[in-house]
Amino acid sequence: MTDISSAINGRTSANNFDPTHVMTQAEILDLAQLANQTPTSFNQQNWRLVAVNTPAAKGRLKAAAFNQPKVGDAAVTFVVVGKIGGYKDLPTLIKPMLDGGHIDQAAYDGWIGMANGMYEGKEQFQRDEAIRSASLAAMTLMYAAHSKGLVSGAMIGFDSAAVSAECKLAANEVPAMLIAVGRPAPGNWPRKVRRAVADVVSFSAD
Ligand SMILES: Cc1cc2nc3c(=O)[nH]c(=O)nc-3n(C[C@H](O)[C@H](O)[C@H](O)COP(=O)(O)O)c2cc1C
């Protein structure tokens, strides 16, 4: 295990993966379990993962990802899927908190009411939320992989319709990102240069 600062400083985006590396379902679930701790707005958990880890499925996903070799070579490529309108699941999702006595009926009703007020009828905002949640989950997944001594590579280079068809996504689901995970092969670049922190942060005026 690495501490969080070391993980942040140590993670790089890998392009070359060991094509002989196979991950068990248990190992893949271990990563997913960590990614599943990602926070989401109202805890609506409007994202999920499709783990593509068999040779045939990897081949099809690679074709949908503009033939990026890492999709074929990595032990697993996760399709991080965002769900549009995920706030509609909240009555079910937060029911265990009501049943467990963590919140009372008024808090439960208020929670759902606030979410409905925020998202209802706002298609673009719902889609933004799907991408936002999936992106946060994707980052958690990359650090989860790093914590297990694996490397990862995020991808937006894919045909969205083809990936949706391959993964049989529902009409209200969108593939936000692909994350290849596995053991590295030689030749990966080091961490790319970042802007100076002073260029990234500004402070509020008094
Ligand atoms: C949302 C996102 C999409 C990306 N898409 C691709 C991709 O399709 N193909 C690729 O080779 N790299 C892709 N990358 C990798 C970036 O080029 C890489 O993260 C960036 O250059 C920084 O690299 P570093 O983390 O090693 O410093 C993507 C990264 C992100 C975060």
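Hydrogens, waters and symmetry mates are skipped; everything else that's a heavy atom, side chains included, is used. In each ligand, atom 1 is the first atom listed, and ligand 1 is the first ligand listed.
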Checklist entry - What is the nearest protein non-hydrogen atom to atom 5 (N) of ligand 1, stated with its residue, atom name and distance? => result Ile156 N, 2.9 Å

Checklist entry - With respect to atom 11 (O) of ligand 1, which of Lys70, Met142, Met155 exhibits the smallest heavy-atom separation? => result Lys70

Checklist outcome for this item: Among Met177, Met139, Gln68, closest by heavy atom to atom 9 (N) of ligand 1 is Gln68

Checklist entry - Considering only heavy atoms of Thr12, which atoms of ligand 1 have at least one such atom less than 4.0 Å away? => result 26 (O)

Next on the checklist: Using a 4.0 Å cutoff against the non-hydrogen atoms of Arg11, which atoms of ligand 1 qualify?
Outcome noted: 25 (O)

Item to check | Residue, atom name and distance, where the atom is the protein heavy atom closest to atom 2 (C) of ligand 1 | outcome: Ala154 CB, 4.1 Å

Next on the checklist: Starting from atom 19 (O) of ligand 1, what is the nearest protein heavy atom, named by residue and atom, and what distance separates them?
Outcome noted: Ser13 OG, 2.7 Å

Checklist entry - Considering residues at least two apart in sequence or located in another chain, which fulfil the salt bridge (charged side-chain N to carboxylate O under 4.0 Å, His left out) criterion with Arg11? => result none

Item to check | Side chains of Leu49 and Val81 in contact at under 4.5 Å (non-hydrogen atoms) | outcome: no

Item to check | Phe125 ring center within less than 6.0 Å of Tyr119 ring center | outcome: yes

Next on the checklist: For atom 21 (O) of ligand 1, is there a protein heavy atom at a distance under 4.0 Å?
Outcome noted: yes

Checklist entry - Which residue pairs satisfy the side-chain hydrogen bond (donor to acceptor under 3.5 Å, both in side chains) criterion with at least one member in residues 84-107, sequence neighbours excluded? => result Lys83-Asp89, Lys95-Asp99, Gln105-Asp109

Item to check | Nearest protein heavy atom with distance in Å, relative to atom 23 (O) of ligand 1 | outcome: Lys192 NZ, 3.2 Å

Item to check | Pairwise distance NE2(His21) to CD(Glu27) - rounded to 0.5 angstrom | outcome: 6.0 Å

Checklist entry - Is there a side-chain contact between Ile8 and Tyr143, using heavy atoms and a 4.5 Å cut-off? => result yes

Checklist outcome for this item: Here the gap from Leu61 atom CG to Leu178 atom CG, rounded to the nearest 0.5 Å, amounts to 5.5 Å

Item to check | Nitrogen or oxygen atoms of Gly157 and ligand 1 under 3.5 Å apart | outcome: yes

Checklist entry - CD1 of Ile131 to CG of Leu136: how many Å apart, nearest 0.5 Å? => result 11.5 Å

Next on the checklist: Counting non-hydrogen protein atoms only, what is the nearest one to atom 27 (O) of ligand 1? Give residue, atom name and distance.
Outcome noted: Arg194 NH1, 2.8 Å

